[in-house]
Amino acid sequence: MKAARMHEYGKALVLEDVPVPDFQPDEILVKVTACGMCRSDVQLVDGYFRKYADIPTPITLGHEITGVVHKIGGTVPKSAGFHEGDHVVVVAGWGDGTCRHCQMGNTQICPNVRWPGFGPVGGFAEFIPVPARYLIRVSNKLQFEQLAPLTDAGLTPYRGIKKLRDAGALGPDRIVGVFGVGGLGDYAVQYTKVLGSGATVVAFDRNLDKLAIAKEYGADHIISDKGKSSADISKELSKATGRSDLDAIIDCAGATEMMQLAFSLLSISGHYVDVGLVGDRIDIPLFPRVSREQTFHGSFWGNYTDLSEVMALAAEGKIRHTLKMFTFDEINEYIDLLRKGEVMGRAVMKF
Ligand SMILES: [Zn+2]
C-alpha cells in the first residue's frame, strides 16, 4: 500500500510502498478514503513535540481519518454491528483502557495513550488497523472529505466550547471571543452558536479573509487585531457589543502574543479555554488572574462521546466546511503550505 512516512525529523515525508499492516483480533482494518492535514503534522515534522515524546521513526503521519471497513478482527463483538463496507471515522487518542481517565471516557488524556499518525500507523496510508472501540459508524450520505477534518479540527473546538458551557460561561448575556479563525476557529464559531445559548460571538484574527468566513459562519462581530493595541481592540469591542471585555474565550491559535491580548480582554470571572498550540510559552500578568477570579482550561482533542455528538451535528447538516482538497502525491507540498500559513480552512487528502 501507499504510505507517507517520516524517516527523519525535519525532512520531507517519504512516499513509499509498504506492506498492509497486520491487525489484531479486536481491531478493524480500515481502508482510508480521506485524511485531513493538521498544523500538528507540521509541528511533528519540525520536532515541536520531541521534548514531550520522542517518537521513534518511521512515523506514518495523518490523524484526521475516515474510511471504509475493510476487514473485521475475529473478537470484535457482532453486537458492535460493524460490516464490511461501513463508513467510519476514527476516534484518535487510543487509551490503555485501564486508567481512571479511560474509565471516565477520556481516553485522549490517558497517560499511556497511542495516537494514529504519531507512530507506526496513520491516515496518510491506504490502510490502517484501528481498535474497534475507536471507530464510529456514520451515514454513507456524508462526504468523506468533510468527515476527515471533523475528527480533529472539527472536534477539538467542540470539546473546548463544551468546557465553557459546563463552566457556566455561556448564555444570552455573555460575550464569547473566538481567537484565531483558521482550520479550528471556523468550527469554533459555529459551535459557539450551537452551544452558546444565545451568547454573542466575536471572532478575532489578523487575516481579513479568514474573518470574512467567520462572519459567514455566524460570528456576530469580527475584529481584526493586526497591529492594534489591547486598548484599541477593547474600544472596538465596546462599539460592537456595548461591552469592553469578554466573558469567555476559546483560543484556537495559542500564539504567544495573541494569548497576551486575549487575556487582557478577559472579564472578571471569565473563562479561557485554549485548544491551539502555535506558541510554546505564555507570559501574562498574574495579579489580574487571581483578583479577577479567572479560569484557564486546557482542552485536548476530544473523546468518543464528543466525536459522536459532532457526527450527529454533521448528520443534521449543521456544520459548514472550508476545505482544500489535495492528492496523496501532494502531501509534502501541503506540509510546506501549512507551515507558511497559506491554506484557507482545512487541507484534506483524498485517495
Ligand atoms: Zn488510560
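When a ligand or atom number is given, it counts from 1 through the structure's own listing order. Reckoned from all heavy atoms, side chains included, excluding hydrogens, waters and symmetry mates. Here the structure is a predicted model, which is why all the values come from computation and not from measurement.
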Handout entry: Short side-chain to backbone donor-acceptor contact, Thr322 and Ile213, under 3.5 Å
Key = no
Validation row, ring centre [X] to ring centre [Y] under 6.0 Å:
X      : Y      : answer
Tyr158 : Tyr187 : no
Trp115 : Phe300 : yes
Phe127 : His70  : yes

Exercise for the section: Could you pull out the atom name of the N/O/S atom in Asp96 that is nearest the Zn ion (ligand 1)? Expected result: OD1
Problem - SG (Cys110) to the Zn ion (ligand 1) to SG (Cys102) angle, given to the nearest 10 degrees - result: 100°
Practice task
Please find out if the Zn ion (ligand 1) and some N, O or S atom of Cys99 are separated by less than 2.8 Å.
Solution key: yes
